[in-house]
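Below is one structure, written out as structure tokens; the observations come after it.
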Amino acid sequence: MTDLSVITNTIIAGDREKICGLVQSAVDQGTKAGEILNTGLIAGMDIVGEKMQNGDMFIPEVLMSAKCMSDAVEILKPMLTEDEMSSSGHVVIGTVKGDLHDIGKNLVGMMIESSGFEVTDLGPDITPDAFIKTIQEKNADILALSALLTTTMPMMQQTIDALVESGLRDKVKVIIGGAPVNQDFADKIGADGYAPDAGSASKLVKELTA
Ligand code: B12
């Protein structure tokens with residue numbers, strides 16, 4: 001039987017050369033795809049998230065781990081049953097209108113996806129209407145908004161206001177992040193949560209959907 005802690009450690013190390021071979025050999029030895037995913041891979045990304053939060057891992061390393069995770073999931077996908085594939089919830093993420101910064105938002109999306117959620121990433125410069133349309137289409141549980149400019153922070157408020165007007169506010173939790181925003185601002189605009197980095201963002205999403 002494969003020792004899944006080796007897969008967990010390879011995810012943490014972000015070793016893309018090794019991960020696919022290890023996952024394939026676990027499959028060949030009869031380990032169930034769902035077990036490899038949960039006990040090996042997701043467990044690794046959970047630790048990556050904690051390490052990022054504590055300042056023990058930095059963005060380039062986290063990106064390598066997230067890429068490792070995607071490679072491994074590609075191998076497992078055809079073998080996962082519908083039940084094992086079922087996600088913990090659907091997250092719509094984007095950078096608000098007027099703001100083209102997307103590096104941090106991409107990382108947050110990858111971390112959330114790696115922890116077992118379905119993610120629809122709309123990209124940067126997204127209007128409130130586009131967010132609302134996608135939330136309806138995907139029946140999303142969480143809306144994650146990013147802003148990197150002080151001038152686009154008010155667009156987060158406008159997006160939440162539009163959500164209230166559309167009647168969807170009670171159906172979806174809103175989280176925000178980005179360098180100029182903080183917990184006080186999140187409280188002020190009526191968001192449900194704020195996280196300072198991608199590791200804590202995926203933890204926050206889990207808490208809000210628990
Ligand atoms: C890269 C960059 C750009 C690139 C963006 C490329 C891209 N594809 O993203 C380009 C060159 C396009 C750019 C343009 C501009 N930029 Co710029 N840019 C930066 C820079 C150097 C890095 C940003 C970054 O990617 N950081 C790395 C990521 C990983 O960190 P992060 O974004 O903070 O994300 C983390 C957290 O904040 C959090 N997070 C982020 N989003 C979310 C969302 C949720 C839901 C959660 C929970 C958490 C979360 O998790 C992330 C991962 O841990 C910053 C300076 C800086 N050091 O931050 C300036 C900076 C943000 N830019 C700035 C400015 C002024 C501009 C321009 C106006 C410049 C100009 N005069 O044209 C334009 C604006 C264009 C526009 N309309 O958006 C200013 C903003 C000042 C302010 N307070 O408003 C900064 C701070 C530079 C400065 N010191 O002046 N920029």
Side-chain angles (χ1 to χ4, degrees), residues 12 14 45-70 88-128 130-132 134-135 138 140-163 168-169 172-210:
I12 300 167
M45 285 310 286
D46 283 347
I47 296 170
V48 169
E50 278 164 30
K51 282 182 178 285
M52 185 184 192
Q53 224 176 315
N54 300 334
D56 295 331
M57 265 177 95
F58 298 101
I59 288 156
E61 300 160 280
V62 176
L63 271 175
M64 288 308 289
S65 294
K67 283 180 182 153
C68 249
M69 178 79 186
S70 309
S88 314
H90 200 117
V91 180
V92 171
I93 189 167
T95 308
V96 295
K97 174 141 186 61
D99 199 323
L100 300 177
H101 297 86
D102 68 356
I103 298 167
K105 182 266 302 162
N106 293 346
L107 199 53
V108 170
M110 283 168 98
M111 282 300 288
I112 294 175
E113 194 168 29
S114 301
S115 59
F117 289 80
E118 259 182 283
V119 174
T120 300
D121 186 343
L122 293 176
D125 195 18
I126 303 304
T127 61
F131 278 121
I132 287 167
T134 313
I135 289 166
K138 304 285 178 186
D141 306 285
I142 302 258
L143 171 62
L145 300 174
S146 179
L148 261 286
L149 298 170
T150 43
T151 49
T152 54
M153 286 166 65
M155 192 45 78
M156 290 179 147
Q157 172 84 73
Q158 288 181 41
T159 305
I160 293 179
D161 290 347
L163 207 55
L168 286 172
R169 182 65 187 94
V172 67
K173 303 268 189 212
V174 181
I175 65 166
I176 65 163
V181 306
N182 55 28
Q183 185 63 54
D184 280 351
F185 182 70
D187 295 340
K188 193 173 145 228
I189 65 171
D192 298 294
Y194 155 80
D197 55 60
S200 27
S202 75
K203 205 169 142 201
L204 176 64
V205 165
K206 275 187 217 154
E207 283 164 10
L208 288 173
T209 50

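In this chain, residues are counted from 1 in sequence order. Counting convention: from 1, in listed order, for ligands and their atoms alike.
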Using a 3.5 Å distance criterion without hydrogens, assess whether the side chain of Thr95 forms a donor-acceptor pair with backbone atoms of Asp102.
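No: the side chain of Thr95 does not pair with the backbone of Asp102.
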
Look at the side chain of Asp192 and the backbone N and O of Ile175, then say whether any donor-acceptor pair between them is shorter than 3.5 Å.
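Between the backbone of Ile175 and the side chain of Asp192 there is no qualifying donor-acceptor contact (under 3.5 Å).
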
What part of [X], side chain from CB on, backbone N/CA/C/O, both or neither, has a heavy atom under 4.0 Å from ligand 1?
X      : value
Thr95  : neither
Val108 : side chain
Pro196 : backbone
Leu204 : neither

Given Leu100, Leu145, Val91, which has its nearest heavy atom closest to atom 75 (C) of ligand 1?
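It is Leu100 whose heavy atom sits nearest to atom 75 (C) of ligand 1.
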
[atom] protein-contacted (non-hydrogen atom, under 4.0 angstrom):
atom                    : result
atom 49 (C) of ligand 1 : yes
atom 89 (N) of ligand 1 : no
atom 10 (C) of ligand 1 : no
atom 71 (N) of ligand 1 : no

Minimum-distance protein heavy atom relative to atom 47 (C) of ligand 1:
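Of every protein heavy atom, Ile176 O, 3.5 Å lies nearest to atom 47 (C) of ligand 1.
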
Checking a contact table here: which protein heavy atom is nearest atom 60 (C) of ligand 1, and how many Å away?
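In this structure, atom 60 (C) of ligand 1 has His101 NE2, 3.8 Å as its nearest protein heavy atom.
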
Shortest non-hydrogen contact between Gly190 and Arg169, atoms and distance:
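Looking at all heavy atoms of both residues, the shortest contact is O-NH2, 2.9 Å.
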
Identify the two heavy atoms, one from Met153 and one from Phe185, that lie closest to each other, and give their separation to 0.1 Å.
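Minimum heavy-atom contact is O-CZ, 3.5 Å.
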
Ligand-side contact atoms (ligand 1) for residue partner Gly98, heavy atom cut-off under 4.0 Å
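In order of numbering, the contacting atoms are 76 (C), 77 (N), 78 (O).
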
Check each atom of ligand 1 against the heavy atoms of Asp102 and keep those under 4.0 Å away; list them by number with element.
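Listed by number with element, the hits are 7 (C), 8 (N), 9 (O).
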
Gly178 touching ligand 1 at heavy-atom level, < 4.0 angstrom:
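Per 4.0 Å heavy-atom rule, Gly178 contacts ligand 1.
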
Should Asp99 and Lys105 count as an ion pair when the cut-off is N to O under 4.0 Å?
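No, no charged N to carboxylate O under 4.0 Å.
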
